[in-house]
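Okay, so here's the structure we're looking at.
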Amino acid sequence: MQENTYTGYTSPLSERYPSKEMKYLFSPEMKFRTWRRLWIALAECEQELGLPITDEQIAELKAHAEDINYEVAKAREKEVRHDVMSHVYAYGQQCPTAKGIIHLGATSCYVGDNTDLIIMAEGLKLLRRKIVNVLKKLADFAEEYKALPTLGFTHYQAAQPTTVGKRATLWMNELVIDLADLDYVLGSLRLRGAKGTTGTQASFLELFDGDHEKCRRLDAMIAEKMGFPGVYPVTGQTYSRKIDSRVLNVLSGIAQSAHKFSNDIRLLQHMKEIEEPFEKTQIGSSAMAYKRNPMRSERMGSLADYVIADAQNPAIVAATQWFERTLDDSANKRIAVSEAFLATDSILELYLNVADGLVVHPKVIRAHLMAELPFMATENVIMDAVKMGGDRQELHERIRVHSMAAAAVVKEEGLPNDLIDRIEGDPIFGVDRERLEALLVPENYVGRAPEQVEDYLNAVIRPLLAENEDALGLEAVINV
């Protein structure tokens, strides 16, 4: 049976989730075009350093930099079982004049490893732009709801109130940490350069008749042509596989932050306080038509689990390499690195979509807060009673007894919290209903949360967004 779209395996990371930009970065076309760019750069640098390579040969290479004859390379690979040499052969078929100088002095890792580093750098740049856009959406959300009181939770138990906007700053701050990690790793990336078969540059030393300075310059010149600040000073046949591990650890960090956000949204949606976007024609459940399942947030968490686990792959690969290189990295690396980027891109697409369309229900939020606020107001009640001459220890004990009784009414009878009624009816407190109602103002219990939101936006987020203004304007597209 001949395979087609429906009879052969296709990865969900090829079709369902990532953006077209990230899929292109890990496409065969991006890889093989980059190979040809590297071969051109090598030829140009070798010519500049005195090797007998003509302008005509370089012009021929440039003329066929993008019209890759894939079928020729594919047929050749069936014969020689070597992808790089198959593409050297295919390129040579298009460039007969330059055929003899393609890949001159290089090993397969010249194109393979340098291309991987180039693609990872471009992938990090794309993820960086998406993080900045998510931060913009969350900043707008935090600003709008900076003063809206909501129950805080510790151990998922009702705790001192915060605000909806303050909670959003916690989501933002984790992404800011991720962005700092990403920038550090991206800024430290270098090319492998032209190092030869075991990293000694022996082949290039031979080409340059023993001129060590030309070997040094070759590395630097290639890096400059490919837009990198330099090369790794020493390598084996490959660049250190710890680089892949460092990069995927950054992606794992992004996944961790997104997963935490998705958990919070799912819990809030259960409480009907805040919901992720839900289209008019969207189906929440095949059996229960009324449901609004948080499928975007659930998908974020699901993909995040994958990225966090996938980050172990390059760590194991890096730990188990032998001497100057072994080939047990190749198949794993080919899958692990690409899919980590594609999955992280998918996560940020979802994050951007959810953050841009969060639906807030202030009345539900207030109802939940007011049901718990009497417990939180008890310290104020005690302080007022002490001012009027009460004994703090005795008052504290009476509050404790009333609180336990009110909690029992809520939990065991399913009735509203009656703690305020109990305090009003206890003469030891000497407080009337009007005074008690005055104590039950949620805004009085959020501390500096609204001010903290403004402080954080002004000190951290707004300067960051101003520095990255050119990156703003992305809109997420959810495919399924």
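Computed from a predicted structure; not experimentally measured.
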Without swapping roles, check the side chain of [X] against the backbone of [Y] for a donor-acceptor pair under 3.5 Å.
X: Glu46; Y: Pro52; value: no
X: Tyr91; Y: Leu61; value: yes
X: Gln201; Y: Cys215; value: yes
X: Ser338; Y: Arg334; value: yes
X: Glu77; Y: His82; value: no
X: Arg36; Y: His64; value: yes
X: Ser245; Y: Lys242; value: no
X: Glu60; Y: Ala98; value: yes
X: Asn313; Y: Ala336; value: no

Validation row: [X], [Y] side chains within 4.5 angstrom (heavy atoms):
X: Thr198; Y: Phe323; value: no
X: Val360; Y: Ile365; value: yes
X: Glu122; Y: Ile119; value: no
X: Phe341; Y: Val247; value: yes
X: Val359; Y: Ile274; value: no
X: Leu124; Y: Leu251; value: yes
X: Pro450; Y: Thr163; value: yes
X: Met172; Y: Thr169; value: yes

Hey, can you tell me if [X] and [Y] have their rings parallel, tilted or perpendicular (30° and 60° cut-offs)?
X: His103; Y: Trp39; answer: perpendicular
X: Tyr145; Y: Phe141; answer: tilted
X: His87; Y: Tyr70; answer: perpendicular

Which side-chain N or O atoms in residues 175-185 pair as donor and acceptor under 3.5 Å with protein atoms at least two apart or in another chain?
residue	atom	partner	partner atom	Å
Asp178	OD2	Ser257	OG	2.6
Asp183	OD1	Arg128	NE	2.6
Asp183	OD2	Arg128	NH2	3.2

Do [X] and [Y] get their side chains close enough for a donor-acceptor pair, meaning under 3.5 Å?
X: Lys166; Y: Gln452; result: yes
X: Tyr456; Y: Asn173; result: yes
X: Ser252; Y: Gln256; result: yes
X: Asp244; Y: Tyr239; result: yes
X: His361; Y: Glu275; result: yes
X: Glu276; Y: Ser297; result: yes
X: Lys78; Y: Ser86; result: no
X: Gln321; Y: Asp328; result: yes
X: Glu273; Y: His368; result: yes
X: Glu475; Y: Asn353; result: no

Over all atoms of both residues, closest heavy-atom pair of [X] and [Y]:
X: Leu138; Y: Ala355; answer: CD2-CB, 3.8 Å
X: Phe204; Y: Leu104; answer: CE2-O, 3.6 Å
X: Asp219; Y: Ala194; answer: OD1-N, 2.7 Å

Under 4.0 Å between a Lys/Arg side-chain N and an Asp/Glu carboxylate O for [X] and [Y]?
X: Lys260; Y: Glu174; result: no
X: Asp113; Y: Arg241; result: yes
X: Lys23; Y: Asp345; result: no
X: Glu213; Y: Arg216; result: yes
X: Glu48; Y: Lys214; result: no
X: Arg296; Y: Glu349; result: no
X: Arg462; Y: Glu143; result: yes

(message) If you apply the rule side chain to side chain contact (heavy atoms under 4.5 Å, CB included), what do you find for Thr34 with Met30, and how did you get there?
(response) CA-CA 6 Å; Thr34 305; Met30 174 67 179; 3.9 Å; yes

For the atom pair [atom1] ([X]) and [atom2] ([Y]), what is the distance rounded to the nearest 0.5 Å?
X: Asn468; Y: Lys136; atom1: CG; atom2: NZ; result: 13.0 Å
X: Glu224; Y: Cys45; atom1: CD; atom2: SG; result: 8.5 Å
X: Ile58; Y: Ile101; atom1: CD1; atom2: CD1; result: 6.5 Å
X: Asp310; Y: Leu342; atom1: CG; atom2: CG; result: 10.5 Å
X: Leu348; Y: Asn133; atom1: CG; atom2: CG; result: 10.0 Å
X: Glu44; Y: Lys225; atom1: CD; atom2: NZ; result: 4.0 Å

(request) Report yes or no: is the cationic atom of Arg192 (NZ for Lys, CZ for Arg) closer than 6.0 Å to the six-membered ring centre of Tyr110, at no more than 45° off its axis? (result)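 No, a cation-pi geometry is absent between Arg192 and Tyr110.
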
(request) Check whether NZ of the Lys or CZ of the Arg Arg76 lies under 6.0 Å from the centre of the six-membered ring of Tyr89 and within 45 degrees of that ring's axis. (result)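 Ring-cation test returns yes.
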
Please output the side-chain donor-acceptor pairs of residues 147-161 that fall under 3.5 Å, not counting sequence neighbours, one pair per line with the distance.
none

(request) Assess whether salt bridge (charged side-chain N to carboxylate O under 4.0 Å, His left out) is satisfied between Asp116 and Lys333, documenting all intermediate values. (result) CA-CA 10 Å; Asp116 286 349; Lys333 170 182 168 65; 3.4 Å; yes

